Protein chains: 2
Amino acid sequence: MVTLKDVAEASGVSVSTASAVMRGLDIVKPDTTRKVRNAAKKLHYHANISARSLRSGRSNIFTLIVPDLENQYYAELSNCLSNELLAQHKQLIIQVSQYDKDKEIEQVRSLNASMSDGLFICSTNNSGADIKSVAGDYPVIMFDDMSAATEARYDSVETPSQAGMTAMIRHLCLEHDRKRVGIVGTLVEDPSNRISYTLRHNRCNFAHQALMECGYDRPNTFITCDWDHNSGIAIAHHLAEEGMPYDALCCMNDDLALGVMRGLAECGIVVPDQVAVTGYDGITSGSYTSPTLTTIAVDFKGMAQTATELMQQKILHKDASTRTSMPRRIIVGFQLLRRESTCRSRPEANR
Amino acid sequence: MVTLKDVAEASGVSVSTASAVMRGLDIVKPDTTRKVRNAAKKLHYHANISARSLRSGRSNIFTLIVPDLENQYYAELSNCLSNELLAQHKQLIIQVSQYDKDKEIEQVRSLNASMSDGLFICSTNNSGADIKSVAGDYPVIMFDDMSAATEARYDSVETPSQAGMTAMIRHLCLEHDRKRVGIVGTLVEDPSNRISYTLRHNRCNFAHQALMECGYDRPNTFITCDWDHNSGIAIAHHLAEEGMPYDALCCMNDDLALGVMRGLAECGIVVPDQVAVTGYDGITSGSYTSPTLTTIAVDFKGMAQTATELMQQKILHKDASTRTSMPRRIIVGFQLLRRESTCRSRPEANR
DNA sequence: TTTGTTTTTATTAACGATGTAAACATGGAT
DNA sequence: ATCCATGTTTACATCGTTAATAAAAACAAA
């Protein structure tokens, strides 16, 4: 392997000088700088990250913990974050927690000793406080921190549940005049599950609130189930047996919505003619089905960018902000994708 | 941060003894071992990976380069590999090459200086020889090495194109008696694209060969297009306009097949009644559509396991095998998922 | 007790980059 | 010529771990 010493020798300077050049300190004569740069390029020099990290505590490697990469929501977020970091010559370690709360905490704990500069996390049900208790002053940015306000400890980048759900409900009620809207994915009672509780609770409530603002006040708008594909299939069958008492099903995420559409298809119920279906997230699969899924496309790229910016800030003035200021929650943008599961239009139009 | 020195002091031994214990060398008295272990646990000691890596050249961190994580094939493979490694207390850095050949080579080159112990790669069109030229003796395992035989340089874990395609064609021709089978996804002429050429070429040829073995010898079985969703949509429209001269479309991967199904739906052609459609890969989306997609489910977990085993071997006897033996190609298992896109059966049966 | 042998622990020098303090030039001003 | 100020460069200690070697302790046999 080619080390800084090799570069230094090749360009006739000391290791310290070479190091200064590589770090971009402008305390070196332009002439020397050029010599060193050339030698480095010629030798294909790349700084040894272990050594740098050991000495300076800075590795330019970050860690992302997600519950699962098979879930397209996390896969797309990971993809964007990796790209964003790579563009800044940073690397990303991706760890999969498999929705295991304790495993996740253990992963966070071992981070202190790893060479990673900071943690991005889509937590599986650990609150900011839980994570803080093992991460200490380690730099952390959360995605969709679902902690209750009192348990938030870190800056977080959030999906626009309120604005998104409002737009979606308006789309259904105002643009398409749906009269019997069901909100699919309200809370399954599980008191131990207090984090997930918060996000679900919020998103459902926003949907309900938007419904009321549209002058809608029927009871039984809430349909209780988990936020996954199989739950969607089951709910669809269940509702079909009841004679489908809704003309629109506003699902709390895409995975669930695709399950619902699948289930409806199995029961011979036509979307959107008999019932409209909507999702939330904007994962790719939603454009693969027939009909394609109307959904809220979350700005994944924006989430990744915002998160890296927050991380940068956190690392730069480490001591200053950490203790004093409240954790921030930054909500990213979204786009309402009007597709076939709500619009009876020509299929080619809205792909 | 808590260091080995802290552990040593807490347990009243020297740093080297503590190190020996942590590394599991059994040259330490059981009594001493116990003391050190307890202290380490009590202090939540985790070895500093930078230091270990710097000194010993072993970090237990590996790198995976994939073209893209939005592509479910790569996402699921990444997921499995991450899990497999994590179970062995190893970590995985995932880099996304964005299908950029040169970027990928640059990523490989900078690996020498990184703290990573080895590379797993789903290459974007770089041959084994290309990678070898920048990676040197760095340990590399390839997924689906598409190099021509003369350019293979590394052990590779491969998707079972031949067995899978044979099973699929038999499923179509023998089980379902389809008479006009189209092989969708044969080569788009692109001489610069010599790697991708090989895999595509092979998979198509295996399909064709299987067709012939089923006593099938019509001309015009090959339908030329790229292996992605949009190509599938386009091809479907094109074939529909020609009056759909096939009763089965054997697509070279799932992404393409899902596009074809989508396109057929847009044209009002019913699958599988008018034409059967099959995929290859076994990505999750294939069970989200209606009809669900008949496909070859590649054993992702097996791929990940095999790859880590090969990596382990490569690292253990680094000098011995590297030069002497030929690169191995290990082909993993698969499962033919008979689903609705070929079987007219009750939809509930084959989810 | 002495000697030899084995087991266990301690000392010390790396690994490669960084950052501080010190050394070395260079050029004016005294 | 001497001194100081400024601008560049270098020597060296350091980060936490490992591994080779040296030292010490334990034990057995003479």
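In what follows, chains carry the letters A, B, and so on, assigned in the order in which the sequence lines appear, proteins first and then strands, with residues in each chain numbered from 1. Every value quoted in this text rests on a predicted model; they were computed, and no experiment measured them.
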Give the rounded distance in Å between these two atoms: [atom1] of [X] and [atom2] of [N].
{"X": "Asp31(B)", "N": "dA26(D)", "atom1": "CG", "atom2": "P", "answer": "13 Å"}
{"X": "Glu9(B)", "N": "dT9(C)", "atom1": "CD", "atom2": "C1'", "answer": "16 Å"}
{"X": "Leu4(A)", "N": "dA11(D)", "atom1": "CG", "atom2": "C1'", "answer": "15 Å"}
{"X": "Leu25(B)", "N": "dT18(D)", "atom1": "CG", "atom2": "P", "answer": "9 Å"}
{"X": "His46(B)", "N": "dG16(D)", "atom1": "NE2", "atom2": "C1'", "answer": "16 Å"}
{"X": "Leu54(A)", "N": "dC15(C)", "atom1": "CG", "atom2": "P", "answer": "14 Å"}
{"X": "Asp6(B)", "N": "dC15(D)", "atom1": "CG", "atom2": "P", "answer": "12 Å"}
{"X": "Met22(A)", "N": "dG19(C)", "atom1": "CE", "atom2": "P", "answer": "14 Å"}

Below 4.5 Å, heavy atoms only, C-beta onward: do [X] and [Y] meet side chain to side chain?
{"X": "Val36(A)", "Y": "Val7(A)", "result": "yes"}
{"X": "Val21(A)", "Y": "Arg37(A)", "result": "yes"}
{"X": "Leu77(B)", "Y": "Phe143(B)", "result": "yes"}

Can you identify which nucleotide, out of [options], has its nearest atom closest to the [X] side chain?
{"X": "Asn48(B)", "options": "dT17(D), dT18(C), dA20(D)", "value": "dT17(D)"}
{"X": "Thr17(B)", "options": "dT9(C), dT9(D), dA19(D)", "value": "dT9(C)"}
{"X": "Arg55(A)", "options": "dT8(D), dT18(C), dA19(D)", "value": "dT18(C)"}
{"X": "Arg23(A)", "options": "dG16(D), dG19(C), dA17(C)", "value": "dG19(C)"}
{"X": "Met1(A)", "options": "dG16(C), dA11(D), dT18(C)", "value": "dG16(C)"}
{"X": "Val28(B)", "options": "dT9(C), dT18(D), dG16(D)", "value": "dT9(C)"}

Problem set entry | Smallest separation among heavy atoms of Val96(B) and Gln107(B), with atom names |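 Minimum heavy-atom separation between Val96(B) and Gln107(B): O-NE2, 3.4 Å.
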Using a cut-off of 4.0 Å on non-hydrogen atoms, how would the nucleic acid contact of [X] be classed: base, sugar-phosphate, or nothing?
{"X": "Thr3(B)", "answer": "sugar-phosphate"}
{"X": "Val15(A)", "answer": "base"}
{"X": "Ala20(B)", "answer": "nothing"}

For this session: Give a yes or no on whether Lys103(B) atom NZ has more than 12 heavy-atom contacts from other residues, nucleotides or ligands under 6.0 Å away.
Result: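 Enclosed.
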Would you tell me if any nitrogen or oxygen in the side chain of [X] comes within less than 4.0 Å of OP1 or OP2 on [N]?
{"X": "Thr32(A)", "N": "dT9(D)", "result": "yes"}
{"X": "Tyr45(A)", "N": "dA17(C)", "result": "yes"}
{"X": "Ser56(A)", "N": "dA17(C)", "result": "no"}

Exercise. Within the modelled atom types, does a donor on one side and an acceptor on the other bring the side chain of Ser16(B) and the base of dA10(C) under 3.5 Å apart?
Worked result: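 Under the 3.5 Å cut-off, the side chain and the base do form a donor-acceptor pair.
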For this session: Could you check Ala51(B) against Pro30(B) and say which one's nearest nucleotide on DNA chain C is further toward the 5' end?
Result: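 Whichever sits nearer the 5' end wins; that is Pro30(B).
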Exercise. Salt-bridged, Glu106(A) to Arg109(A), with N to O below 4.0 Å?
Worked result: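 Arg109(A) and Glu106(A): salt-bridged.
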